[in-house]
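The structure appears below as structure tokens.
Sequential numbering from 1 along the given sequence is applied to the chain's residues. Atom set for the values below is all heavy atoms of this structure, side chains included, hydrogens, waters and symmetry mates excluded.
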Amino acid sequence: MAASGARWNHVWVGTETGILKGVNLQRKQAANFTATGQPRREEAVTALCWGAGGETQILVGCADGMVRHFNAEEGTFQGQRHCPGGEGTFRGLAEVDGKLITCVDSGVLRVWCDNEEETSPEPLLELKVGPGVCKMRQDPAHPHVVATGGKENALKVWDLQGSEEPVFRAKNVRNDWLDLRVPIWEQDIQFLPDSKKLVTCTGYHQVRVYDPASPQRRPVLEATYGEYPLTAMTLTPGGNSVIVGNTHGQLAEIDLRQGRLLGCLKGLAGSVRALQCHPSKPLLASCSLDRVLRVHRIRNPRGLEHKEDLQEPQESKASPEDTETDELWASLEAAAKRKHPDNGQSQRALQARHRKKKRPGSSSP
């Protein structure tokens with residue numbers, strides 16, 4: 001697909017080889033876009049978000065600490081910014097008022113100036129949000145507010161225009177029936193529209209709703225789904241329910257008013273890596289470890305609408321090391337044939353002699 005046709009792509013997906021894929025669901029085509037021209041695992045895409053220009057610019061967070069600007073209209077990369085600091089890959093990426101917000105595994109949240117005229121290597125703001133971060137999410141209604149959470153890192157809400165302390169810090173649930181502490185593992189976070197409430201999904205297959213206005217700071221609603229860790233979550237267009245996915249490729253819709261299961265979606269193979277609902281249509285895009293993009297209808301009738309294989313062709317996966325290995329094996333086989341040219345003939349003679357020795361009607365052991 002030509003770069004000028006990038007505007008017609010319906011879904012954008014980042015890969016572990018640093019490729020940004022644009023998928024046209026009507027034509028069933030996927031186009032690859034790379035900043036360097038060659039796929040590299042050092043540039044694995046770990047975070048994606050829309051830029052300040054709406055759905056014309058995509059911010060691509062890579063494993064090498066670079067945040068690249070991609071123009072979805074022209075299909076080209078137009079600049080980049082190095083955002084070092086902390087350890088691990090990006091767990092969240094956002095933009096507000098010409099500034100970049102990044103957060104990495106080790107819990108370092110930084111705000112950077114994203115102006116081409118100012119390329120200072122120092123961040124404008126740095127916060128320590130706690131180690132083991134799994135997700136940082138920006139509040140769509142208040143772009144200067146973000147939430148963080150992770151493994152043994154409880155949900156926190158931060159106002160980047162306020163103090164360096166969180167405006168809300170969730171409190172762990174009470175001990176279980178054996179009076180044992182319940183572990184914390186926040187995997188994904190969403191802000192509920194027209195409300196100050198937040199919803200999280202955990203690695204212990206729980207969906208929890210938090211209300212910062214509640215004095216107890218504990219979940220005001222909790223539901224569980226399945227037996228496996230939840231890995232991704234997205235809000236449905238109405239905002240009254242969420243769709244969660246787990247490590248076994250199972251998808252389910254959970255009602256946030258009563259905490260009950262509304263329905264399930266099938267078809268995925270492997271752990272769910274990303275989920276995203278259309279803002280107004282009843283459509284859900286999902287990606288899992290089987291490297292297949294699926295679009296489901298989430299309202300009756302539920303079902304699979306589109307399916308696109310995102311795997312690269314086999315010929316494009318060959319590396320120079322693979323070619324050298326194949327040539328080495330070919331040379332070794334040729335040398336073996338030159339050294340023992342009668343191996344095949346002697347083996348056939350032995351087989352013929354064995355058949356002569358066998359008696360008529362005898363069966364092989």
Less than 3.5 Å apart, any donor N or O on the side chain of [X] or [Y] sitting next to an acceptor on the other?
X	Y	answer
T247	T231	no
Q258	R260	yes
T36	T34	no
N246	H205	no
T200	E186	yes

Lys/Arg N to Asp/Glu carboxylate O, [X] vs [Y], below 4.0 Å:
X	Y	result
R91	D105	yes
R299	E253	yes
K28	E308	no
R137	D188	yes

In this structure, is the centre-to-centre distance between the rings of [Y] and [X] below 6.0 Å?
X	Y	value
F77	F33	no
F70	W12	yes
H248	Y228	yes

Residues Q78, R68; criterion side chain to side chain contact (heavy atoms under 4.5 Å, CB included); working and verdict = CA-CA 7 Å; Q78 299 178 345; R68 296 179 169 86; over 6 Å; no

Spacing of [atom1] belonging to [X] relative to [atom2] belonging to [Y], to within rounding of 0.5 Å:
X	Y	atom1	atom2	answer
Q311	T15	CD	OG1	12.0 Å
Q190	L198	CD	CG	9.5 Å
I243	L262	CD1	CG	9.5 Å
R218	Q216	CZ	CD	7.0 Å
C277	M233	SG	CE	11.5 Å
C103	M136	SG	CE	6.0 Å

Has the side chain of [X] got a donor or acceptor atom that lies under 3.5 Å from a matching backbone atom of [Y]?
X	Y	result
H296	K266	yes
N32	I19	no
R217	R169	yes
E73	T56	no
N24	H10	no
N172	P183	no
N9	V11	no

Please report the shortest heavy-atom distance between [X] and [Y], naming the atom on each side.
X	Y	result
L268	S286	CD1-OG, 3.8 Å
D309	R291	OD1-O, 3.4 Å
L160	L125	O-CD2, 3.8 Å
Q187	L230	CG-O, 3.1 Å
Y225	C264	OH-SG, 4.0 Å
A170	A154	O-CB, 3.8 Å

Looking at [X], I'd like to know if its [atom1] atom is crowded, meaning that more than 12 non-hydrogen atoms belonging to other residues, nucleotides or ligands lie closer than 6.0 Å.
X	atom1	value
N175	CG	yes
H82	NE2	yes
E152	CD	yes
E87	CD	no
R174	CZ	no
E164	CD	no

Are [X] and [Y] grouped together when hydrophobic residues (ILVMFWY) are joined by side-chain heavy atoms under 4.5 angstrom apart?
X	Y	value
L251	V244	no
V108	L100	yes
L192	V207	yes
F168	F191	yes
L283	V13	yes

Check the pair M66 / E43 against side chain to side chain contact (heavy atoms under 4.5 Å, CB included), numbers first and verdict last.
-> CA-CA 8 Å; M66 302 295 294; E43 300 175 357; over 6 Å; no

Is there side-chain contact between [X] and [Y], with heavy atoms separated by less than 4.5 Å?
X	Y	result
N240	R257	yes
L59	E95	yes
Q138	C49	no

Between S241 and the options L261, T236, I254, the side chain to side chain contact (heavy atoms under 4.5 Å, CB included) test singles out T236

Only residue of V173, V199, L221, L155 satisfying side chain to side chain contact (heavy atoms under 4.5 Å, CB included) with R208 is V173

For the pair V45 and L20, evaluate side chain to side chain contact (heavy atoms under 4.5 Å, CB included) and give the outcome as yes or no after the intermediate values.
-> CA-CA 8 Å; V45 178; L20 180 66; 5.5 Å; no

Salt bridge (charged side-chain N to carboxylate O under 4.0 Å, His left out) between E126 and K128, worked out = CA-CA 7 Å; E126 179 176 330; K128 302 292 185 181; 3.2 Å; yes

Test salt bridge (charged side-chain N to carboxylate O under 4.0 Å, His left out) on D97 and K99 and set out the steps.
-> CA-CA 6 Å; D97 299 332; K99 301 179 180 62; 5.7 Å; no

Derivation of the salt bridge (charged side-chain N to carboxylate O under 4.0 Å, His left out) call for D114 and R81 = CA-CA 8 Å; D114 196 29; R81 166 83 195 220; 5.9 Å; no

Full working for side chain to side chain contact (heavy atoms under 4.5 Å, CB included) between V67 and V60 = CA-CA 5 Å; V67 177; V60 184; over 6 Å; no

Before giving the answer on salt bridge (charged side-chain N to carboxylate O under 4.0 Å, His left out), spell out for K156 and E165 the whole-Å C-alpha distance, their side-chain angles and the decisive distance to 0.1 Å.
-> CA-CA 10 Å; K156 303 181 187 69; E165 293 296 323; over 6 Å; no

